[in-house]
Amino acid sequence: MDYQQFIDAQIAEFKKTVGSALAINALSGGVDSSVVTALAHRALGDQLKTFFIDSGLMRRDEPQRVVRIFADMKIPVALIDARAEFLAALKGLTDPEEKRNAITNTFYAQVFARLVKQTGAKFLLHGTILTDIEETVAGIKRQHNILSQVGIDTQQAYGYAVLEPLKTLRKDGVREVGKLLKLPDEITHRIPFPGPALATRIVGEVTQERLDTVRAATAIVEEELADSDAFQYFAVLLNDRATGIRNNKREFGQIIVVRCIESTDARTAETTRLDWKKLDRICQRIIQIKGVNRCLYDLTAKPPATIEYV
Ligand code: XMP
């Protein structure tokens with residue numbers, strides 16, 4: 001595909017569809033939503049308002065970091081604090097699809113609907129990519145941002161139209177477009193991070209405490225594997241506990257799984273053969289996290305596993 005042609009066509013399409021109206025989009029700092037932000041900002045300028053929704057499910061320091069990167073590109077991003085809203089929506093939920101639905105609902109029916117009302121926007125722009133659509137339609141996993149493809153009429157359900165400029169691309173294509181749009185390497189080279197964020201890496205209920213645990217583990221894994229060249233790497237908090245000993249006392253502790261995979265488009269994935277010393281170092285650091293006494297490395301390919309746990 002000629003990606004420059006793709007960019008030109010999308011810019012023309014945005015101008016035609018949005019006309020003189022206002023559009024909004026939510027930036028998560030991931031490659032997909034960053035590319036949508038840069039692309040639409042080129043097409044619409046001030047007619048686009050970009051928000052970063054702090055769901056409380058993000059990685060450490062993520063909201064401030066993303067706002068800064070885009071400020072450097074002269075794209076203003078407003079930070080919305082929705083942490084309490086998301087935690088309340090997830091309270092008591094353990095089923096993966098119920099958790100995903102709660103997040104979708106909080107984003108679209110609550111937060112975005114409110115922002116659309118406040119700004120008077122007619123359109124919401126989305127970073128949906130082809131893989132998201134295929135997996136949702138195939139019934140593998142309900143991606144948080146799939147709406148029309150599962151029969152949701154957003155105009156009727158939420159009061160706004162959704163535009164999905166990246167829906168014909170896969171991850172590798174999105175990265176190419178990002179490079180042409182001159183997004184910094186720290187965005188285009190970034191490992192994928194799902195919209196439902198750390199909630200996809202907490203098996204069982206998402207609580208503040210469990211979020212803090214997986215956030216701390218994620219920071220360690222990302223730091224240790226930054227130079228690994230792997231497609232994606234992260235930490236997962238299991239819903240089980242295991243017996244351990246700490247300071248000569250029995251401890252029934254938390255279990256963290258480390259996942260590191262090779263892939264080009266996230267449709268299939270192989271486990272990275274990490275160096276033993278590296279794995280050992282990650283384990284030594286993870287078991288320093290309060291309440292965690294076991295660290296496992298996941299060897300499973302996709303399929304049969306998916307990349308995320310929820
Ligand atoms: P799975 O877990 O389905 O993940 O093998 C495939 C790729 O997609 C990411 N992922 C998501 N991205 N919304 C997103 O924007 C989601 O709901 C979602 N679920 C998974 C995942 O990180 C991997 O790169």
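Only this structure's heavy atoms are used, side chains among them; waters, hydrogens and symmetry mates stay out. Position 1 is the first residue of the sequence, and the numbers go up from there. Note that ligands are numbered from 1 as they come in the structure, with each ligand's atoms numbered from 1 the same way.
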Legend entry - Path from Ile256 to Phe252 over hydrophobic side-chain contacts below 4.5 Å: no

Legend entry - N or O contact, Arg201 vs ligand 1, cut-off under 3.5 Å: no

Inset, instruction - Would you indicate whether the side-chain heavy atoms of Phe70 and Thr37 approach each other to under 4.5 Å? - result: yes

Inset, instruction - Give the contacting part of Pro194 toward ligand 1: side chain, backbone, both or neither, where contact means a heavy-atom distance below 4.0 Å. - result: both

Inset, instruction - Measure the spacing between OH of Tyr233 and CD of Glu262 and express it to the nearest 0.5 Å. - result: 10.5 Å

Inset, instruction - Would you check the N or O atoms of Ile307, main chain and side chain alike, for any that come under 3.5 Å of an N or O of ligand 1? - result: yes

Inset, instruction - Treating Ile, Leu, Val, Met, Phe, Trp and Tyr as nodes and any side-chain heavy-atom pair under 4.5 angstrom as an edge, say whether Leu163 and Leu130 lie in one connected cluster. - result: no

Inset, instruction - Pick whichever of Glu308, Arg100, Lys302, Arg267 has a heavy atom sitting closest to atom 22 (O) of ligand 1. - result: Glu308

